[in-house]
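These figures come from a predicted structure and were not determined experimentally.
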Amino acid sequence: MYRPLLLTCLLLASFAAAPAAPAEEPQVVARADAKARKPPKGTPYAGREDAMQFADEVASRWAIDAGWARKMVGQSQQLAVVSRLMEPAPAVTAKNWRLYRSRFVEPLRINAGVKFWQANRDTLERAEKEFGVPAEIIVGIIGVETIYGQQMGEFRVLDALATLAFDFPASHPRAAERQKYFRGELEQFLVQHSLAGTDPLRPRGSYAGALGMPQFMPTSIAKWGIDYDGDKRIDLVRSTDDVIGSVANYFKSYGWQPGMPSHYPVTFDKDKLDLEALLVPDILPTFSVASFQAKGAVLEGPALEHKGPLALVELQNGGDAPQYVAGTENFYVITRYNWSSYYAMAVIELGREVKEAWARRGS
């Protein structure tokens, strides 16, 4: 049985008018937008035997009410748009870091980030001190994910998770693996609401079922969400304290090393360069400083004193020459949030730009 774990991290889909439930342990709050824009409509799963069997299995595993589980799964809807969004992207133009960067490191997010930093200065400082994760990395994540809560998703989370649990697109090269993953997320989502006695039809999120300012999946909330404002519940939609603490906790749990840079500049010695060998491990830090330089990667200054492994990170620029950096273990930790070096660099650079803009405006 998994109940003891979730009893410390319940998902409470409460709203402004709902009182906080008394509890000895933190509860997770995944609130819907109070204005409640209409979600997409689809086909209810009530008539699907596989969905009803799933509900029965979840109820049996967690000793929750089978009637409630069948009712909730039956009210979830298959959304064709969600399946389409999960289909493999068509082969298009080459990756372009400059274009990717321009979508995230831009005035709207920078200005919103400065306001977020100003409003949450004390909490960011506390999280940096307690978890060792720089404030600019936390700010960068929240800005890239949802523009500091401005874009948290309009899909009913129950519908998104059910669609991907029962109708994940077969055209995806990892369809079986991904469908199993989303069944696990749907199970967590249902169990959390059952234990909290709340309505799983209310929360809204992304087409993948991610919730709140940091876009945590249900299992991520259970593993890494924390009550950082001390109100005995975890609210990743409206409590910026909980959001900041949970993001910092996520990175610490994945091995963030305080004081270590995320990356260093790198150039190449063309006479020694073995670019193919340097790129084989991709973004996984593999090379010592000595072996990195032996293969033609040139480091300078503080990078020469780096004690851990490095990776050569390639950022393609369409038809132009790629850019390269030497990624550290902390760079790799950022990619655990989203497995993309482009994403990690966008987080790093947005956070840096927000920090610099905040400092220029007098903190």
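Screening Phe216, Phe251, Tyr254 for a ring-ring contact (aromatic ring centres under 6.0 Å, His included) with Trp224, the sole residue that qualifies is Tyr254.
Side-chain contact between Pro134 and Trp256 is present, with at least one heavy-atom pair separated by less than 4.5 Å. Taking 4.5 Å as the limit, some side-chain heavy atom of Phe331 sits within range of a side-chain heavy atom of Ser341. By the 4.5 Å heavy-atom criterion applied to side chains, Gln188 and Trp62 are counted as neighbours. Using a 4.5 Å heavy-atom cutoff, the side chains of Val81 and Phe155 are in contact. Two residues are said to be in side-chain contact when any heavy atoms from C-beta on lie closer than 4.5 Å; Val237 and Leu211 fail this criterion. Within the 4.5 Å cutoff, no side-chain heavy atoms of Ile283 are placed close to those of Trp339. No side-chain heavy atom of Tyr45 sits under 4.5 Å from any side-chain heavy atom of Asp50. Side-chain contact between Arg61 and Glu187: present, with at least one pair of heavy atoms (C-beta onward) separated by less than 4.5 Å.
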Under the side chain to side chain contact (heavy atoms under 4.5 Å, CB included) rule, what do Trp68 and Ser194 come out as? Steps first, then yes or no, please. CA-CA 8 Å; Trp68 179 89; Ser194 174; 3.6 Å; yes
Steps toward salt bridge (charged side-chain N to carboxylate O under 4.0 Å, His left out) verdict (Arg109, Glu106): CA-CA 6 Å; Arg109 289 179 203 261; Glu106 44 81 31; 3.4 Å; yes
Show, in sequence, the C-alpha distance, side-chain angles and deciding distance for Leu190 and Leu186, and conclude whether the side chain to side chain contact (heavy atoms under 4.5 Å, CB included) test is met. CA-CA 6 Å; Leu190 289 168; Leu186 176 58; 4.1 Å; yes
For Leu275 and Leu312, what are the C-alpha separation, side-chain angles and deciding distance, and is it a side chain to side chain contact (heavy atoms under 4.5 Å, CB included)? CA-CA 9 Å; Leu275 187 60; Leu312 183 65; 3.6 Å; yes
Verdict with supporting geometry, Leu79 and Arg156, side chain to side chain contact (heavy atoms under 4.5 Å, CB included): CA-CA 10 Å; Leu79 301 179; Arg156 272 195 335 192; over 6 Å; no
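Tyr264 meets the side chain to side chain donor-acceptor pair (under 3.5 Å) test with His306; sequence neighbours excluded. Evaluation of the side chain to side chain contact (heavy atoms under 4.5 Å, CB included) rule for Thr267 yields Val298 as partners, not counting sequence neighbours. By the side chain to side chain donor-acceptor pair (under 3.5 Å) test, Ser220 pairs with no residue at all, sequence neighbours left out. Checked against side chain to side chain contact (heavy atoms under 4.5 Å, CB included), Gln293 has the following partners two or more places apart in sequence or in another chain: Val289, Leu299, Leu304. Legend: residues meeting side chain to side chain contact (heavy atoms under 4.5 Å, CB included) with Asn96, ordered by chain and number and at least two apart, are Arg98, Leu99, Asn317. Residues passing the ring-ring contact (aromatic ring centres under 6.0 Å, His included) test with Phe116, sequence neighbours excluded: Tyr148. Judged as a side chain to side chain donor-acceptor pair (under 3.5 Å), and not counting sequence neighbours, the contacts of Tyr332 are Arg336. Scored by the side chain to side chain donor-acceptor pair (under 3.5 Å) test, Glu145 finds Tyr343 as partners (sequence neighbours excluded). Gln179 meets the side chain to side chain contact (heavy atoms under 4.5 Å, CB included) test with Phe168, Arg183; sequence neighbours excluded.
Under a 4.0 Å N-O distance rule, the pair Arg121/Glu125 qualifies as a salt bridge.
Heavy-atom minimum distance, Asp242 versus Leu236: O-CD2, 3.8 Å. Nearest heavy atom pair, residue Lys232 against residue Asp227, reads N-OD2, 2.9 Å. The minimum heavy-atom distance between Val105 and Leu350, with the atom names listed, is CG2-N, 3.8 Å. A pairwise comparison of heavy atoms in Thr146 and Gln215 identifies CG2-CG, 3.5 Å as the closest pair. A pairwise comparison of heavy atoms in Ser262 and Asn330 identifies CA-CB, 4.2 Å as the closest pair. Taking both residues in full, the closest heavy atoms of Phe182 and Ala208 are given as CE2-O, 3.4 Å, listed atom of the first, atom of the second, then distance.
Not one N or O on the side chain of Ser171 forms a donor-acceptor pair closer than 3.5 Å with the backbone of Pro169. No donor-acceptor pair closer than 3.5 Å links the side chain of Gln75 to the backbone N or O of Leu201. Using modelled atom types, no side-chain atom of Tyr207 and backbone atom of Met86 make a donor-acceptor pair closer than 3.5 Å. The backbone N or O of Asp241 sits nowhere less than 3.5 Å from a side-chain atom of Thr123 that would complete a donor-acceptor pair. Side chain of Asn249 to backbone of Gly245: no donor-acceptor contact under 3.5 angstrom is found. Of the possible donor and acceptor atoms, none in the side chain of Ser288 sits under 3.5 Å from a partner among the backbone N and O of Pro309.
In this structure, Ile141 CD1 and Ile244 CD1 are separated by 13.0 Å, a value rounded to the nearest 0.5 Å. For the atom pair CD (Gln77) and CG (Asp159), the distance works out to 5.0 Å, reported to the nearest 0.5 Å. With rounding to the nearest 0.5 Å, the separation of OH in Tyr100 from OH in Tyr342 is 10.0 Å. In this structure, Leu124 CG and Glu136 CD are separated by 10.0 Å, a value rounded to the nearest 0.5 Å. Going from atom CD of Gln257 over to atom NZ of Lys307 covers 13.5 Å, rounded to the nearest 0.5 Å.
Taking the ring axis of Tyr181 as reference, the NZ or CZ atom of Arg174 does not stay both within 45° of it and closer than 6.0 Å to the ring centre.
In this structure, Leu195 is a member of the same hydrophobic cluster as Ile221, with clusters built from ILVMFWY side-chain heavy atoms closer than 4.5 Å. Hydrophobic clustering, with ILVMFWY side chains joined whenever heavy atoms are under 4.5 angstrom apart, keeps Val333 apart from Phe287. Note on Val266: it does not cluster hydrophobically with Met260, by side-chain heavy-atom contacts below 4.5 Å among ILVMFWY residues. Note on Phe292 and Leu279: same hydrophobic cluster, where clusters join Ile, Leu, Val, Met, Phe, Trp and Tyr whose side-chain heavy atoms are under 4.5 Å apart, directly or indirectly.
Between Phe131 and Tyr228, the ring planes lie tilted relative to each other; the angle falls in the 30° to 60° range. Under the 30°/60° scheme for interplanar angles, the aromatic rings of His193 and Phe189 are found to stand perpendicular.
Neither side chain, Gln53 nor Glu49, offers a donor N or O lying under 3.5 Å from an acceptor on the other.
Pairs of residues two or more places apart, or lying in two chains, never qualify as salt bridge (Lys or Arg N to Asp or Glu O under 4.0 Å) while including a residue from residues 246-270. Within the structure, salt bridge (Lys or Arg N to Asp or Glu O under 4.0 Å) contacts touching residues 64-79 (residues at least two apart or in different chains) are Asp56-Arg70. For residues 162-173, every residue pair satisfying the salt bridge (Lys or Arg N to Asp or Glu O under 4.0 Å) rule, not counting sequence neighbours, is listed here: Arg48-Asp167.
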